[in-house]
Amino acid sequence: MRPRLPSSPPAAGVTRRGLLIGGGAGVGLILAWALWPRHYLPNLTADTGETIFGAWIKIGDDGHVTVAVPQAEHGQGVYTALPQIVADELGADWRTIAVEPAPLNPLYANALGADELFETARDTVAGRWRDAHAVRIGMMVTAGSSSVRTFEDDLRQAGAAARVLLCKVAAARWQVDWQACDTRGGFVFHGKDRLRFADLAAEAVRGSLPDALPMRVNEDDTRLSGQSLPRLDAPAKVDGSANFAGDVRLPDMVFASIRQAPGGSSQLVRVDRAAADRIPGVLQVVTNDRWVAAIGNHWWAANRALDALAPRFETQGAIVTSATIRAALQGALDTPGRRLSAVGDVDATFKDARLITAEYQVGLAAHAAVETMTATARFADGRLELWLPTLAPAMARDAAAAAAGIATDRVVVHPMLVGGAFGANLDHRCAEQAAILAVTLKRPVQLTWSRVEDLLHDRFRPPAMARMAARLGPNGQILGWRARIAASATGQEVAARLFAQDAGFRTALALTPSGDPYAIAGAVPPYRMPAYAIDHHPADIGVPTGHWRSGAHSYTAFFTECFLDELAHLAGTEPLSYRIGMLGGDARLARCLSTAASLGGWEGGIAGSGQGIACHSFRGSHIAVLVEAHVGEGQAVSVDRIVAAVDCGRQINPDLVRQQIEGGLLFGMAAATGGSTGFTRGLPDARSFGDLGLPRLADTPDITVELISSEADPGGVSELAVPPVAPAIANALQAATGYRLRCLPLVPGTK
């Protein structure tokens, strides 16, 4: 479906009682008016035979129910979970549910996703200002494990409203009270009478809604919420019919590959155009100061032409290496930091006391998604169309418009399925480049980065270094805790890129207190202690960084849970008991720990057991992970078993939760044992999957996931399992080998 800009404000005289207002196919109908900002109209479009119910639902005359989903599907299951909420409240037949990307519209703004992405508090003046601005600019963003948490209420209200309207029409035909009717399986029922949604929809949209929408309260096997329903996107992905950006084919389309300047002030100074012209299939070469693109009648010709072009880039200033990155982190720690979180007076607690200290370090982490950066663009009659995988379509539109030199209302974005993202598709360079090429070539073009280019120009998860310190009491309790963390100000970097065209949002971000909360997110320990302090030491490493699955939590959990394990050993206390004893009133996290220990056969993490444990709370969810690991042949880390216990609140689809937890565990394991790169002469060392040392199928451990039943509000799950895996592996290796590894990736023989 083609996304469109928000429609004009509604005409004067619209009242709350007139909840449904007819419009053309491009305007749609307002549903549940009280739930929405009054100056925005839905802009869904209807196919032949479809009836639009507001901003979320369309019902076809063949009985199908289409749900508009404003979040990108990149494997996390959002194309199933969000429609499942609607189908449950509507009483639809799951076999008739379809899904389509929602159009650009402030109605679908995800302010929670923005807050979670940048780790900012919503209850501050800046947070409230940002939330309002996010809605105004239509900030549709897939981030922060926020999809269900943001849209569940809206989707339930939409489903309930459509159900009431359908019941009213059916009740009028049967001459009964509409409140005596119910829906299930795509039918309205009253006793033995039943009518299909398809037979009622066209008339139903002309009805009116009560002041208070009745929600489903029955809990029986007819409810779809809580069931492990099959994924809607799975069949097409299995049979190959699912369309990604690289599958788009347009008339007269050409293919492009690109080579970009290294970071910093590098510029293109020379190419061998004559050599490229000798490659069969090459049509044209396009250059600017920062990159060169080869155009061909197939991608392989274009990519081969780049080697023939032998582009030369000239770099001014310092050249980044692994040594300069480490020096930047150490230098940042040696300078005063910015205290971003504190309880009590840790400085007074530490005065004249014997402290336990340790230093930890993590390396750059690559996204390495299966789908490299790809975008297809067409420019005609002053109008630019883009087909691309993006986690922020409105921001991609704005970036492409600026690059092409046209107004944003002349750009249409078609959000595509995403072949893995992990945060990488918050970067819109590929959209900008494709837009420039389409305008320059005056014909459709598909730009695909090679695997090498994708790794060379990744926005890596930043490296970080931490100096941890603690004071123990006579019985081993923690009296004071301090974490000094050196890392790039990645949250500020991401915001500057994402909102480069939006002065208002940059102003909102500037209202945040000094320091970057993103860079130390997750560093506040979940344990009860009288004094702690978390300091951020901003480090300029010379490498652009970006959001990566779970963000800073992926390294702050490593610092916290490894250091806590060290303190437990020094206190002479078994690590599980040590953790549970300090959790205070956090019963949910304590239950996760005890459940994981019970399922995993916890032996106390004693020497030779090869067992380690770690836990983390994140995005309203809780997890504990027990790992069994050892050092194998060639000093390689071998993970034998992972047991995870998860409390993520009420589950819409338990299978989706389990998939995300299992995927997150493997993702975290890959980052713990590989997934990183050094830098040499200004370029990353990793150029292929093989260079990243990623685990293979044969390396996959036995995985057990226990989902703890809970009626708490849903928490985030897509990132939840990543942070605790690395510290659990490190703790297991300490038990197996007797020495502590404090650097990620974990390399035996180093400390």
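Basis for what follows: all heavy atoms, side chains included, without hydrogens, waters or symmetry-related copies.
- With hydrogens and angles ignored, the 3.5 Å screen pairs no side-chain donor or acceptor of Tyr108 with any backbone N or O of Gln71.
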message: Would Arg497 and Arg459 count as a side chain to side chain contact (heavy atoms under 4.5 Å, CB included) here? Give the steps.
response: CA-CA 11 Å; Arg497 291 194 297 263; Arg459 302 300 198 198; 3.8 Å; yes

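- More than 12 heavy atoms of other residues, nucleotides or ligands sit less than 6.0 Å from atom CZ of Arg451.
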For a side chain to side chain contact (heavy atoms under 4.5 Å, CB included) check, start with the C-alpha distance between Phe187 and Leu195, then their side-chain angles and the critical distance, and finish with the verdict.
CA-CA 5 Å; Phe187 289 86; Leu195 285 169; 5.9 Å; no

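- Every pair passing salt bridge (charged side-chain N to carboxylate O under 4.0 Å, His left out) that includes a residue from residues 186-197 is listed here, sequence neighbours excluded: Arg196-Asp199.
- With Asn43 contributing its side chain and Leu104 its backbone, the two residues share a donor-acceptor pair below 3.5 Å.
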Evaluation steps, side-chain hydrogen bond (donor to acceptor under 3.5 Å, both in side chains), between Asn110 and Thr150: CA-CA 7 Å; Asn110 185 358; Thr150 295; 2.8 Å; yes

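- With hydrogens and angles disregarded, a donor-acceptor distance shorter than 3.5 Å links the side chain of Thr80 to the backbone of Leu232.
- Under the 3.5 Å distance criterion, the side-chain polar atoms of Glu89 are left unmatched by any main-chain donor or acceptor of Gly159.
- Side-chain contact check for Glu371 and His74: no donor-acceptor pair (N or O, by modelled atom type) lies under 3.5 Å.
- Partners of Arg184 according to the salt bridge (Lys or Arg N to Asp or Glu O under 4.0 Å) rule, which considers only residues two or more places apart in sequence or in another chain, do not exist here.
- Across Lys237 and Leu417, no two heavy atoms sit closer than the pair CE-CD1, 4.3 Å.
- To the nearest 0.5 Å, atoms CZ (Phe499) and CG (Asp398) are separated by 10.0 Å.
- Side-chain N or O atoms of Ser621 include one that pairs as donor or acceptor with a backbone N or O of Gly716 at under 3.5 Å.
- A salt bridge links Glu152 with Arg650: at least one charged nitrogen is closer than 4.0 Å to a carboxylate oxygen.
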Side-chain donor-acceptor distances from residues 242-256 under 3.5 Å, at least two apart:
| unit_1 | atom_1 | unit_2 | atom_2 | d |
| --- | --- | --- | --- | --- |
| Asp247 | OD2 | Phe244 | N | 2.9 |
| Arg249 | NH1 | Gly246 | O | 3.0 |
| Asp252 | OD1 | Arg443 | NH2 | 2.8 |

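- Going from atom OG1 of Thr408 over to atom CZ of Arg410 covers 11.0 Å, rounded to the nearest 0.5 Å.
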Checking Arg173 against Glu203 for the salt bridge (Lys or Arg N to Asp or Glu O under 4.0 Å) test, could you report, in this order, the C-alpha distance in whole Å, the side-chain angles of both residues, the deciding distance, and whether it holds? CA-CA 11 Å; Arg173 294 184 185 181; Glu203 184 178 350; 3.0 Å; yes

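- Between the CD1 atom of Ile258 and the SG atom of Cys430 there is a distance of 7.5 Å, given to the nearest 0.5 Å.
- Side chain to side chain, Gln446 and Thr376 meet the donor-acceptor criterion of an N or O pair below 3.5 Å.
- Annotation for Ala400 and Ala435: closest pair O-CB, 3.8 Å, computed over non-hydrogen atoms.
- Residues His547 and Leu117 meet the side-chain proximity criterion, which asks for heavy atoms closer than 4.5 Å.
- Between Leu720 and Ser145 there is no side-chain heavy-atom pair separated by less than 4.5 Å.
- The shortest distance between side-chain heavy atoms of Thr142 and Gln76 falls below 4.5 Å.
- Shown here for Val169 and Ala204, the closest heavy-atom pair between the two residues is CG2-CA, 3.5 Å.
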Salt bridge (Lys or Arg N to Asp or Glu O under 4.0 Å) between Arg429 and Asp427, intermediate numbers included: CA-CA 6 Å; Arg429 283 173 296 168; Asp427 181 12; 2.5 Å; yes

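- With a 4.5 Å cut-off on side-chain heavy atoms, Asn653 and Leu224 do not count as touching.
- Between Thr183 and Leu90 the shortest side-chain heavy-atom distance does not fall below 4.5 Å.
- In this structure, the side chain of Glu662 does not engage the main chain of Gln659 through any donor-acceptor pair within 3.5 Å.
- The side-chain heavy atoms of Met416 and Leu388, taken from C-beta on, include no pair separated by under 4.5 Å.
- Ile52 CD1 to Ile59 CD1: the interatomic distance, rounded to the nearest 0.5 Å, is 11.5 Å.
- Applying the salt bridge (charged side-chain N to carboxylate O under 4.0 Å, His left out) rule to pairs touching residues 66-79 yields Glu73-Arg231, sequence neighbours excluded.
- In terms of heavy-atom proximity, Phe422 sits nearest to Ala369 at CE1-CA, 4.0 Å.
- Residues Pro103 and Leu44 form a side-chain contact, since some pair of their non-hydrogen atoms from C-beta on lies under 4.5 Å apart.
- A distance of 11.5 Å separates OG1 in Thr372 from CG in Asp458, rounded to the nearest 0.5 Å.
- Counting only N and O atoms by type, the side chains of Thr66 and Glu100 include no donor and acceptor under 3.5 Å apart.
- Asn425 is listed as a side-chain neighbour of Met373, based on a closest heavy-atom distance under 4.5 Å.
- Looking only at atom types and distance, the side chain of Trp548 has no donor-acceptor partner in the side chain of Glu719 under 3.5 Å away.
- Checked by atom type and distance alone, the side chain of Ser228 pairs as donor or acceptor with a backbone atom of Asp655 at under 3.5 Å.
- The closest donor-acceptor contact from the side chain of Gln660 to the backbone of Gly75 lies under 3.5 Å.
- The shortest heavy-atom contact between Ile57 and Ala162 is CD1-CB, 4.1 Å.
- In this structure, Ser550 OG and Arg619 CZ are separated by 8.0 Å, a value rounded to the nearest 0.5 Å.
- A distance-only check finds no donor-acceptor pair linking the side chain of Lys168 to the backbone of Asp177 [under 3.5 Å].
- Between the side chain of Ser450 and the backbone N or O of Glu453 there is at least one donor-acceptor pair closer than 3.5 Å.
- Residue pairs satisfying the ring-ring contact (aromatic ring centres under 6.0 Å, His included) criterion with at least one member in residues 144-180, sequence neighbours excluded, are listed as follows: Trp56-Phe151.
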Begin from the C-alpha positions of Arg156 and Asp88 and carry the test salt bridge (Lys or Arg N to Asp or Glu O under 4.0 Å) through to its verdict. CA-CA 8 Å; Arg156 288 204 181 281; Asp88 176 63; 3.0 Å; yes

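- Legend: residues meeting salt bridge (Lys or Arg N to Asp or Glu O under 4.0 Å) with Arg549, ordered by chain and number and at least two apart, are absent.
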